[in-house]
Amino acid sequence: DLAERIIKEYDMIKQENDSITETSLSIGIAMVPGDGSSYHELYNAADKALYFSKREGKNRYCFYNDARASEVNRLEMIVDIHQLKKMMQN
């Protein structure tokens with residue numbers, strides 16, 4: 001699959017080039033039309049998939065799905081609530 005090939009190519013380039021250190025590659029994938037039809041919808045879906053890709057570890061890719069999106073939305077709300085509490089304390 002294309003995402004796996006991209007990650008493998010990146011690893012080969014990284015191994016051949018000593019100046020590229022401590023880097024990894026994570027990919028979030030959204031599909032048309034299932035995950036959206038506009039640029040904004042697809043960008044948001046891919047961004048949420050990328051979040052889970054990074055969360056699962058380095059050099060990974062994830063496809064968007066609704067269950068993961070709900071989890072991202074829930075985590076974003078928790079972060080927003082914590083930030084709001086900090087602002088109110090100052």
Engineer: Output the distance between atom OG (S53) and atom CD1 (I29), rounded to the nearest 0.5 Å.
Structural biologist: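 Atom-to-atom, S53:OG and I29:CD1 are 8.5 Å apart.
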
Engineer: Ignoring hydrogens and angles, tell me if any N or O in the side chain of R60 forms a donor-acceptor pair with the backbone of E56 under 3.5 Å.
Structural biologist: yes

Engineer: Got a sec, which residues hit side-chain contact (heavy atoms from CB on, under 4.5 Å) with S38, two or more places apart in sequence or on another chain?
Structural biologist: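 With neighbours one apart ignored, the set is H40, E41.
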
Engineer: Given I27, which of L50, L2, I7 fulfils the side chain to side chain contact (heavy atoms under 4.5 Å, CB included) condition?
Structural biologist: I7

Engineer: Using the test side-chain contact (heavy atoms from CB on, under 4.5 Å), find all partners of A46 that sit at least two apart in sequence or belong to another chain.
Structural biologist: A30

Engineer: Could you measure the distance from the NZ atom of K48 to the SG atom of C62? Nearest 0.5 Å is fine.
Structural biologist: 14.5 Å

Engineer: Go through the structure and list residues passing side-chain hydrogen bond (donor to acceptor under 3.5 Å, both in side chains) with E4, not counting sequence neighbours.
Structural biologist: Y61

Engineer: I'd like to know if F63 and I6 are part of one continuous hydrophobic network [Ile/Leu/Val/Met/Phe/Trp/Tyr, side-chain heavy atoms within less than 4.5 Å].
Structural biologist: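 Per the 4.5 Å side-chain linkage, I6 and F63 are co-clustered.
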
Engineer: Using the side-chain contact (heavy atoms from CB on, under 4.5 Å) rule, take T23 and Y10 through it: C-alpha gap first, then chi angles, then the decisive distance, then the call.
Structural biologist: CA-CA 10 Å; T23 58; Y10 178 77; 2.4 Å; yes

Engineer: When you measure from the side chain of D35 to the backbone of M31, do you find a donor-acceptor pair of N or O atoms at a distance under 3.5 Å?
Structural biologist: yes

Engineer: Could you walk me through whether N59 and S26 pass the side-chain contact (heavy atoms from CB on, under 4.5 Å) check?
Structural biologist: CA-CA 5 Å; N59 295 322; S26 299; over 6 Å; no

